[in-house]
Structure formats: structure tokens, C-alpha cells
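Here is the structure we will look at, set down as C-alpha cells.
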Amino acid sequence: MENKSKDFLRRIVEEDLNAGKYNEVVTRFPPEPNGFPHIGHAKSIAINFGIAKDYQGHCNLRMDDTNPTTEDTQYVEALKDAVQWLGFEWDKNVRYTSDYFPKLYAYARELIKMGKAYVDSTSEEEMRELRGTVTEAGKRSKYAERSVEENLELFEKMKKGEFKDGEHVLRAKIDMSAPNMKMRDPLLYRIRHAHHFRAGDEWAIYPMYDFAHCLSDYIEGVSHSICTLEFENNRDIYNWVLDTLGLKPIRPYQHEFARLGINYTVMSKRKLLELVEGGQVNGWDDPRMPTIAGLRRRGYTPESILNFCDSIGVAKANSMVDVAQLEFAIRDDLNTKVPRVMCVMNPLKVTITNYEGSEEIEAPYYPHDVPKEGTRKLPFSKEIYIDQSDFSQNPEKGYFRLTPEQPVRLKYAYIISCKEVIKDDKGNVVEIKAEYHPDSKSGKDTSGIKVKSAIQWVESNIAKQIEVRLYDRLFKTEAPESVEDLNPNSLKIIKDALIEPAVIDEKPDVRFQFEREGYFYADPIDYTDEKPIFNKIVGLKESSSKKKKAPKQTAKPQPKKVQIDGEVVPMTTEEQALFDNYTNNLKLNSEVANTLARDAQLSAFYQEALEAVNSPVGIANIVTNDVARELKQKELNELNYTPKQIAELMKMVDDELISTKIAKQVFEEMSKSGEEPTKIVESKGLVQISDPDIILPIIDEVIAKNPENVEKFRAGNTKLLGFFVGQVLKATKGKGNPKVVNELVARQLG
RNA sequence: UGGGGUAUGGCCAAGCGGUAAGGCAUCAGUUUUUGGUACUGACAUUCGGGGGUUCGAAUCCCUCUACCCCAUCCA
């Protein structure tokens, strides 16, 4: 919250709070319990619970269980679990829309009594036809004429289960020709003879989302109903229901944000289900899944998910976040938390020919830059394993690890040099005979040998075998469409990795950094002491010099911005006549004349203003810009000022009494209060200052205060002229004559 | 096609008429017994395109373009 920049939702909340619209912020997280929650839900949870927390309000957890055929209690458990895992507490009990069924039913009857809802008995197909299309108005069903009594009776029979599914529905009577398709008499209730996982068989009718959601919000006293963008069109119904019922006290309002998209994965319930059912993954909690359960089993921490949600922000633009940002969040979190241990993924035997006996080496769990304590003992003997990738017989340039010519440090232990490479028949390296440098022991190294790298290793007899599951992105394409896009290497299992004994015996944690490999998590389900299994959460970041292989992405071909001309609707003859008059007689420029001529309201306003004061260009400008802006929100008769007042305002500008900058300010004021422009200028003392004797000292002061910028300006950063002008204008409270200020500033700086 | 939205670097994203924040990614360099971390520096003369208004426009006006959502008895 200390962040100066807040997202648009928090800004709305703050405005509402400041305006006294609500005493308390109440939000809700309202999933339908028909699937497992994924990271997109996490974003919604973070927003809803986060906002409630930030403004000392509360957030409800509500199961939006209005469709008995898709929902189930296992999902409500998963949802509750997700919220708790992320560290949030919902207010009081979990709420269920189904708990409000009786109230909802009463509200529906209310609507019927008001003549605002009716029982429709047309078939599904016919209803679709009657609804019209996006360009054609729909037609109302003949059943809309039923009497209130008949509707009430029918609705009650629907409720009692006297009709079959689909025989009747309850619809709102709104507008069958509404441009917003959602408003063409939306369905409020449908008949469903189905068992509801909570309500049982009590109801034969179930409310639709559009009817249930707004009222559930209302019933719970929600202040800010936050949902995703695809519900924008539903907002009209949301408001219609609440307004029509005349519900007063705490009225909720809906606000929408963009749902989360992440590349190299899919997020829709349908696609996720396909993966599970198609056996492409091992269930909803497969560590490759973007589900909460999957992320959790992979080893992601709640903190990392929350940090991720925080870092991506909240806005209204559809976007696709890079997985790298998620990966950063978990690395960043684990870096300071987790012990480092040594694990050899692909063991290569190293025999140290000049070492005899054995010893134990004490090694810290955390690197110098992590302020945590703890050490463990590393057994050491002449027979150890290192990773195959840490030895190269024909190293590329820039290879830091062991080669026949290059010694390497065994981390926490000795420096070794390769003496002999043993290969099998096929030429694969199977063992290395090496010699160690006795005086190179970690901590008391007097050998003077310089190595480029320190590698992980394990002692061969005491090392433990573990299974390691290496996970990679589920899909190989950024925006996957189908199973074709699956990454065939998303799971690699290594059955015989070797790990230092302390990890298994001491169990210092469940998450580790396997040094130089990545972060790993003891699989919460399959791990046993006999068969330890670790999931790779995420790899360490690799600098390009180590990766080597990935050829740098080629410079993007500059997608030159070209202008695409569309077709412009031609003017009518009347408009053309006006346009000609404006350009020829009044000398307006063609753009201004064009907008004026094409807008009847605007041109009428303009002509009237022109009669009061003859300043055709100036008035045209203010009308086409500022008045036009207001006319986008309001009707002509709602404006707080008259054309004549606009003309007067313009006159003051023409007379150089005020600057155009001040004129804008006065305009705002007029728009708000409807006061005379001359009065506003007078009472606020807005007459512009053009006297250099007054302005110059101010300029000098500003210049004195900003020596760095003066220097930058003199060094050629001419943009800064605007900065100085702005500062001076601010010092004069906007009253400085900008033209004069500009000139003087330029002179003083030059 | 009617309506509702959205466009700021490779990816997110601030910005609300006066010097284009920040994070991720990328690239350099310093430190490092992790090719990790940390630190330093470089990354938008320009905000989807074109016009207009203004001393001054990412911000106001006009216009064009692209993308997303809406015609489930789903939510």
C-alpha cells in the first residue's frame, strides 16, 4: 500500500471510501465449485482478499453453486484449501448461493409482481431465433403477455416440480431490441430436476448466474463485486436487477479486470480437463499443471504465488504473462529460505588415486549471503561421484569445469586434477582417475592452485540413491492450442541420482537447492524413506555463457508502423454545406470544421456561441475539444453552461486576460458549478501574469533550485524546457502567461 | 455487421496537460568455493496509425486500424 501507484481497483475502492459510499469494504471470491482452482483463481483470490485486507474490510468465500449438474463437494474442498493455503481467511462461514435460494425465490416473485418478469414457455430453439442477432433486434415471446397472477402460479408450479426440464423458464422483461444481447429478456430461472450437492432435491428450479450473483452480493453486503472481463456485458443486468427491485442500503457495484494468461500453458477448465482425462498428465495435481494443487505439489510456496500475483499487477488489458516471471518469483522466494545440498544427477565415478582412508567435512547449509545457520557433515573418501556434465574431454572454449588439463574444486573439499580417463567399448567415459591436492582443502588452501569452478560431488559408499523428477514446461509453444503442442520432454525421471546422506538422515527441510542444479521439493505424496523422490521446482538461472547452446534470439525484424487508411463515411449534403461555410467563411481548419459539421449538436452549440462573440476559430476549438468531451458523457441539456458563456470565456482569451491554460481551468469550473466565467476569473483571481518583472524572479528561483536539470538542458536536452516552464507555471499557480514564460525561460537558460 | 472493452520496449505495468516509474527477460561489468545470489551499468527522442487543439500531448478532440468479449435453459 505504500506503493505510490495503485491498481485501478484499489483506486476505485479508495474513491468510494473517500466519498463515503461505504463504511466498510466487503469483497468476495465467488467460484463455481465445478473444477479445480488454478493460478488464475489465485490472482482473483489475491485481489479480492488483498483489497479487503488493505482497507480493513473483509472478504467472503462464496460457492456460486447454481448449477446442480456440474458441481460437487470435492471442488468446494479444493477451493477452500486453495484460499487457506494462500494464507487468507474468509469472513465467517463459507457462503453458498444455494443458501439464498429461498430469498432469491422471493425476489423473483417480487419482480413478477412488478410486471418485470414472466414465465416463458417457448422452446429453446424458438427462443434463440426470437433473440435476434447482434445486428437485428429480437422479438418478444407471446408468453410475455401473461398476467401477474398466471406468472405467479406458473412459477410456483415450476418450483414444486410440476413441469419437466425445459418446459418453462422465468425471464426478466427488459428489452428485446437492446444492443447489448445480454439484456434481451435474460433468463432468471430454469427447471432442473437434478440433485444438488447441498440443497438436495428440494428445488426443481435453479436461478441463473445473472439473477443469483448480484442478489447474493447484495445479501452479503458486498461493496465491490470484482470479476473478470468477460462479464462486462453482464454488468447491465447486474444493475438492472438491483435497481428494479429498488434495493437501497448497501448496494454492490461490479468491476472487471483481465484474467490471467501465462504462456506455455493452458488455463481453461476444459483444456485442463482434457489433459487429465487424456492421460497427458497424472491428475489435477500433476506438478506440471497450472492448478493450485499442481503448483503446490511441484513445490511452489504460497508466498511465491502471492508475490507473482503482485508483480503482474491488475489491469483491463488482455495479456499473456511470461512464465519466466513466475519462475523468478519462486527462485526469489526460495533463495533466502532453503538449505543447499549436493546431488549428482548423472553420476560419473572418480577415483582419487592418491587419497587413503576417509574423513568428514563440515559444510554449511547456506551460502555466505543467506543469513541462516546450520551445517552438516560430508563423508569423503577416495571414491566419489561427480556429474557427467562436469567433465569434458574436449571442452569448448569457456568451459570452467574438469578437463584433462584443468583442475576443479570439489565443493567444500579438495582440488582434483584428472590423470586418466577410462572409457567403455563405445567410447563413453565411465571413470576418471584423479589425484587430489592435499594442501588445497577448503578453508585452509595453501596450494595456490587457481580453479575456475567448484562442483558438487558425493562420496560413493554413503551417498543415497534418490529418484528425481525433472519437470519442464508442459507445452512447447507459447500459446498452445491442442495436444499437438505438448512438450514431449516435460517430464524426465532420473531413478538413480545420488545425494549426500544428510538430506535423507537429517531431513533439514522439504525444499532444497541442489547446488548448481535448481530447487527441489520432497514429493509430498510419493516420497518414502525407502524410496525418496524429489520434484524439480525450478532450475537455477543460467547465464548465457554456460548455456552456450541456445542461439541468441535474432534481432526482431522492426515491424515498421504503417498507416492503414480505412474508409471514411462521406458527409451528407447538409454537413458538406456546413463544412464549406466553416472553412471558407469562418476560416476554420478542415479538421475542426469536419468534426463540427458532422455533429449536429456540436454545430448548433457552436453557431449559438458565435452569435454572442465573434471569435470563430477560438470558439470552434473549445467546442470541438472540451464541449465535445462533455457531450460524450452527457446530453446537451445537462450541460452546466450555455453557448453564450463559452463565448464569453473565449473572449477573455482573445483579450489576453487569461491564458488558454487558465481557460481550461475555468471551463472545468463552469462545468461543475455553472457559474459565469467572468465571475470565476474574478473571484479566483485568475488573470494572467505577463509582466516580466514578476515572472523573472520566479524563473531565477526555479533555475537555482534545479542545477542538475539546468546542466542537462545546456548539454542539449531541450525537452527540459517544458520542465522549467511547468515549474514556473506551478509557482504562479498557473497564472503565468505561458508564452511569456516560455520566452523568458529560454532566454535565462540560453 | 450492433453493442461492450483494450492498445505504453521481447513480456507484464505505472502514468490522468509540464523530465516516459517499476518488475521480468536480455546484454555488459564487479563480488562470489553455486556459470546461483547480491551489486553496478545498458536497454522507449517515444506511447497502435494519421490528423487536430495547446507555449507544451502517452494524457484533450476527430478519425482509422488491430485484438478480446456478447446471440448457453453455463458461470
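A, B, ... follow the sequence lines: proteins, then strands. Residue 1 opens every chain.
Remark: C39(B) base-pairs with G29(B); criterion is Watson-Crick or G-U wobble with both hydrogen-bond distances under 3.5 Å.
Residue-level contact check: T595(A) touches the backbone only, with heavy atoms under 4.0 Å from sugar-phosphate atoms and none from bases. Here T122(A) lies in heavy-atom contact (under 4.0 Å) with a base.
Of the candidate nucleotides U63(B), C61(B), G3(B), C61(B) has the atom lying nearest to any side-chain atom of N625(A). For V321(A), counting side-chain heavy atoms from C-beta on, the closest listed nucleotide (A75(B), C12(B), G3(B)) is C12(B). Picking from U1(B), A57(B), U19(B) the nucleotide with the shortest atom distance to the side chain of V134(A) gives U1(B).
Phosphate contact (OP1/OP2 of A7(B), side-chain N/O of N318(A), threshold under 4.0 Å): absent. Between K661(A) and G17(B) there is no side-chain N or O to OP1 or OP2 distance below 4.0 Å. OP1 and OP2 of C74(B) both lie 4.0 Å or more from every side-chain N or O belonging to K269(A). For the pair S590(A) and G52(B), the criterion of a side-chain N or O lying under 4.0 Å from OP1 or OP2 is not met.
For the salt bridge (Lys or Arg N to Asp or Glu O under 4.0 Å) condition, no pair includes a residue of residues 713-727 of chain A, sequence neighbours left out.
Between the CD1 atom of I262(A) and the P atom of G10(B) there is a distance of 21 Å, rounded to whole Å. At whole-Å resolution of the value, NZ in K164(A) and C1' in C73(B) are 16 Å apart.
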Could I get a table of every N or O pair under 3.5 Å where one atom is in the protein and the other is in nucleotides 34-38 of chain B?
{"residue": "U34(B)", "atom": "O4'", "partner": "K411(A)", "partner atom": "NZ", "Å": "3.4"}
{"residue": "U34(B)", "atom": "O4'", "partner": "E515(A)", "partner atom": "OE1", "Å": "3.4"}
{"residue": "U34(B)", "atom": "O2", "partner": "Q513(A)", "partner atom": "OE1", "Å": "2.8"}
{"residue": "U34(B)", "atom": "O2", "partner": "R516(A)", "partner atom": "N", "Å": "3.1"}
{"residue": "U34(B)", "atom": "N3", "partner": "Q513(A)", "partner atom": "OE1", "Å": "2.6"}
{"residue": "U34(B)", "atom": "O4", "partner": "R340(A)", "partner atom": "NH1", "Å": "2.4"}
{"residue": "G35(B)", "atom": "OP1", "partner": "R516(A)", "partner atom": "NE", "Å": "3.4"}
{"residue": "G35(B)", "atom": "OP1", "partner": "R516(A)", "partner atom": "NH1", "Å": "2.7"}
{"residue": "G35(B)", "atom": "O6", "partner": "F400(A)", "partner atom": "N", "Å": "2.8"}
{"residue": "G35(B)", "atom": "O6", "partner": "R401(A)", "partner atom": "NH1", "Å": "2.7"}
{"residue": "G35(B)", "atom": "N1", "partner": "G398(A)", "partner atom": "O", "Å": "2.8"}
{"residue": "G35(B)", "atom": "N2", "partner": "G398(A)", "partner atom": "O", "Å": "3.2"}
{"residue": "G36(B)", "atom": "N1", "partner": "D369(A)", "partner atom": "OD2", "Å": "3.1"}
{"residue": "G36(B)", "atom": "N2", "partner": "D369(A)", "partner atom": "OD1", "Å": "3.4"}
{"residue": "G36(B)", "atom": "N2", "partner": "D369(A)", "partner atom": "OD2", "Å": "3.4"}
{"residue": "U37(B)", "atom": "O2'", "partner": "N335(A)", "partner atom": "ND2", "Å": "2.9"}
{"residue": "U37(B)", "atom": "O2", "partner": "D369(A)", "partner atom": "OD2", "Å": "2.3"}

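Residues passing the ring-ring contact (aromatic ring centres under 6.0 Å, His included) test with F231(A), sequence neighbours excluded: Y209(A).
Comparing the same atom, C1', in A13(B) and in A44(B) gives a spacing of 14 Å after rounding to whole Å.
Counting non-hydrogen atoms of neighbouring residues, nucleotides and ligands closer than 6.0 angstrom, the CD atom of E167(A) exceeds 12 such neighbours.
Below the 3.5 angstrom threshold, one finds no donor paired with an acceptor across the side chain of N594(A) and the base of G52(B).
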